[in-house]
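Note on naming: letters A, B, ... go to the chains in the order of the sequence lines (proteins, then strands), and numbering restarts at 1 for each one. Note that these values count all heavy atoms, side chains included, but never hydrogens, waters or copies made by symmetry. Treat the numbers as computed from the prediction; the structure is a model and nothing was measured.
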Number of protein chains: 2
Amino acid sequence: MTASGAPPTLRSDARRNVDRIRVAAAEVFRARGLSAPLEDVAVAAGVSKATIFNRFGGRIGLIDAVIDDLVAKELKGVIEQARAVPDVGERIRVYVGALRELQYRLPAVNGVLLRQFPDSGSLMDLCRTGEAFHGELVAQGHAAGILADGFTAHDLHALTIDNALALEHGGRPPRADYDRRTAFVLDGIRRPA
Amino acid sequence: MTASGAPPTLRSDARRNVDRIRVAAAEVFRARGLSAPLEDVAVAAGVSKATIFNRFGGRIGLIDAVIDDLVAKELKGVIEQARAVPDVGERIRVYVGALRELQYRLPAVNGVLLRQFPDSGSLMDLCRTGEAFHGELVAQGHAAGILADGFTAHDLHALTIDNALALEHGGRPPRADYDRRTAFVLDGIRRPA
DNA sequence: ATGAAGTTGACCACCCGGGTCAAGTTTCGT
DNA sequence: ACGAAACTTGACCCGGGTGGTCAACTTCAT
């Protein structure tokens, strides 16, 4: 049942503001993570903070409204990209590399991985999707015998979490350093030849 | 020249409080890191927060007063322990393992590695000591040809920093998981056979 | 033009920790 | 024992950041 108490259509100015806020939130969250001050989103949208509360109910509502275009598409893209790789070893390398690249490029994704807003259903769903794929990938890796003994899906997840924390609280290292370290990480989790 | 404006000796109650605060600070910092509320240190010492300011001037002074017994000894111990290992590969493994163990066991050490209080000279000195040893170790590792190509002292430092951030902001994983991941880290930075 | 929808700036509450100060308490020399 | 200096303390202020609210004003739609 649809809520019947609210008017079915918004007034034109309200609709315009909703759109502006969505766009602004996407920009601000993209660049500075999901914890960026709502005040800044409001300024970027050219509205007042109160309007965000009026239209979205708060940060969670706003995240739910933009997470799909912001993070879900990119993250799912990385997973699909990896799934398309036929060789298991290469698949794991592609996935870890692409995910780390995404974490570097899109701070918002770290908010998802870190479950920064457990009250956001869409965020938690997305996080679970990622985690499920980790399970899949690690199972395939062990089946093919190319992962280090004892390496678990949990370990893979911890890898991404630790990287998210490092980026979030430690800042981004130069890209070259970051990529080099990605290679060390990958070497550490594969079975020694 | 010694400051002549201040009385050379403290009154007995003041001396007692200084000792109590030092002990309490060591305990609290040890268990909860160098950012633990001074209020908590005061309570543990059975004095008021203001007394800490009277006696130590603030957090920095307090850190300077306890860092040696708290962290410096342990950290230098790890370095000496590693230096005593004859084989280079083993030396690196011992050092990384022992340092990670220390980071897990003693949150205060992470505050040092993260340079949480740049105004504390003793803290910064200690941090530099560690960094210098990293340089030494990596140079030896490359000379012996047992480190991965392109691995730098900076990378080793980043490894410890990232781990510090993960422990600080992500909490401690079960010990078994942590140790297993230590092994993956080590495998990732050594030259493939 | 009018009333409802919508917006807004200013405001409140909260939490947290660093830091300060007047007033009260303890020590110590005489 | 007593007075002054040393010392401690609770209560206070501050800044910084965030979620959230509301009366008054503006804009839209009919």
- [ ] Looking at every strand, decide which applies to B:R15 at a 4.0 Å heavy-atom threshold: base, sugar-phosphate, or nothing.
- [x]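 No contact at all - B:R15 keeps every heavy atom at 4.0 Å or more from the nucleic acid.
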Would you call [X] and [Y] a salt bridge, taking side-chain N to carboxylate O under 4.0 Å as the test?
{"X": "B:R175", "Y": "B:E101", "answer": "yes"}
{"X": "B:R180", "Y": "A:D155", "answer": "yes"}
{"X": "B:R115", "Y": "B:E131", "answer": "yes"}
{"X": "B:R191", "Y": "B:D149", "answer": "yes"}

Open item on the list: If you compare every side-chain N and O of B:N17 against the phosphate oxygens of D:dC7 (OP1, OP2), does one of them come in below 4.0 Å?
Closed with: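 For D:dC7, OP1/OP2 do not have a side-chain N/O of B:N17 under 4.0 Å.
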Open item on the list: With a 4.0 Å cutoff (strictly under), does any side-chain N or O of B:T51 reach OP1 or OP2 of D:dT9?
Closed with: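 For D:dT9, OP1 or OP2 has a side-chain N or O of B:T51 closer than 4.0 Å.
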From [atom1] of [X] over to [atom2] of [N], roughly how many Å is that when rounded to an integer?
{"X": "B:I60", "N": "C:dG17", "atom1": "CD1", "atom2": "P", "value": "16 Å"}
{"X": "B:I52", "N": "D:dG10", "atom1": "CD1", "atom2": "P", "value": "13 Å"}
{"X": "A:R20", "N": "C:dG6", "atom1": "CZ", "atom2": "P", "value": "16 Å"}
{"X": "A:D19", "N": "C:dT7", "atom1": "CG", "atom2": "P", "value": "12 Å"}
{"X": "B:E39", "N": "C:dC15", "atom1": "CD", "atom2": "P", "value": "16 Å"}
{"X": "A:F56", "N": "C:dG6", "atom1": "CZ", "atom2": "P", "value": "13 Å"}

TODO: Report, as a single string ordered 5' to 3', how protein heavy atoms within less than 4.0 Å touch nucleotides 19-30 of chain D: B base, S sugar-phosphate only, - not at all.
DONE: BB-B----BSS-
Open item on the list: Does the plane of the ring in B:H134 sit parallel, tilted or perpendicular to the ring in B:Y95? Use 30° and 60° as the thresholds.
Closed with: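 B:H134 vs B:Y95 ring planes: perpendicular.
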Open item on the list: Quiz question: by atom type and distance under 3.5 Å, do the side chains of B:S120 and B:D64 form a donor-acceptor pair?
Closed with: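 Result is yes, a qualifying pair exists.
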